[in-house]
Novice: 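Have a look at this one.
All of these numbers come straight from a predicted model, not from anything done at the bench. Just follow the structure's listing: the first ligand is 1, and inside any ligand the first atom is 1.
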Amino acid sequence: NQASTSEPSLSPKPIAVLVIGMAGSGKTTLIQQINSYMHAKRKIGYIINLDPAVTHMPYEANIDIRDTVKYKNVMKEYNLGPNGGILTSCNMFATRFDQVIKLCEKPRDPALQYIIADTPGQIEIFTWSASGAIITELLASSFPTLVVYVVDTPRCTNPQTFMSNMLQACSILYKTKLPMLLAFNKVDVTRHDFAIEWMTDFESYQAALDKDPSYASTLSRSLSLVLDEFYNGLKSVGVSAVTGEGMAEFFEGIEACAEYYEKIYVPE
Ligand code: GTP
């Protein structure tokens, strides 16, 4: 009897998504929207909160750093300021992140499809710390993993601000070596067409810069040539974390990045 001798079919691994972006770009609101979308579409996901200092969370996290470390106690105990307290709390949590991986590898619901991680408000606390590197590496060596870089679209309409945000994204890509989905958020306030145009048409970006003859503008001109390669390999999508616009495309982007991960990921 074929059925009794064959191995049970393994369900595919869940996709891990690290949500990173500048403070105020809308990470938390976007995760709330992702959560509602998953419920509506019967997709099964875990949400991990990695921000020890968050006071209000509009969604319920399955795994919450605040259940393990109290950052105010860490501040007191080690005589640290707020940033040092957050950083140390993240480092403490990272030492136990293997337990989080185990929970996600043997989830209560074996049909788990997504693991969505919300990162601390201050971007560099995650991107330039031991904890960020450890957590990223543990996720990426266990699951198909990608970075969603959230862009505050209304705050990027100036070509130089846009450039500085893209350099930040590029640096994260360089450090994590993971597929990246650019989520142009807040499209209910400002459409992201200008950004797509600047990323795909070098001359239109140059034309926007021509209005500003400063040194920074000359630098941006040269950098945009460098970033051309970065833009080529990048997926992007316009979303509104408030209205839910673009969520279907967002999930398509996640799936495409996960497929790309299979092709490019090389364990350290
Ligand atoms: P930190 O916790 O500082 O990292 O912020 P965050 O990146 O998690 O951003 P958060 O979700 O707290 O959103 C910041 C502000 O932007 C809030 O006032 C949100 O209501 C607003 N916001 C987020 N997404 C959208 C959006 O798609 N459209 C509009 N109009 N506002 C948004």
Novice: How are the rings of F162 and F184 set to each other: parallel, tilted or perpendicular (split at 30° and 60°)?
Specialist: parallel

Novice: Taking K175 for its side chain and T127 for its backbone only, find out whether a donor-acceptor pair lies under 3.5 Å.
Specialist: yes

Novice: Is there a donor-acceptor pair under 3.5 Å between the side chain of Y205 and the backbone N or O of P159?
Specialist: yes

Novice: Show me, by chain and number, every protein residue that has a heavy-atom distance under 4.0 Å to ligand 1.
Specialist: M22, A23, G24, S25, G26, K27, T28, T29, G121, N185, K186, D188, V189, S240, A241, V242

Novice: Taking atom CD as the centre, does E229 end up with more than 12 heavy-atom neighbours from other residues, nucleotides or ligands that are less than 6.0 angstrom away?
Specialist: no

Novice: Can you check side-chain contact (heavy atoms from CB on, under 4.5 Å) on T145 and Y265, steps first, answer last?
Specialist: CA-CA 9 Å; T145 304; Y265 180 70; over 6 Å; no

Novice: Under 6.0 Å between ring centres: does that hold for Y37 and F250?
Specialist: no

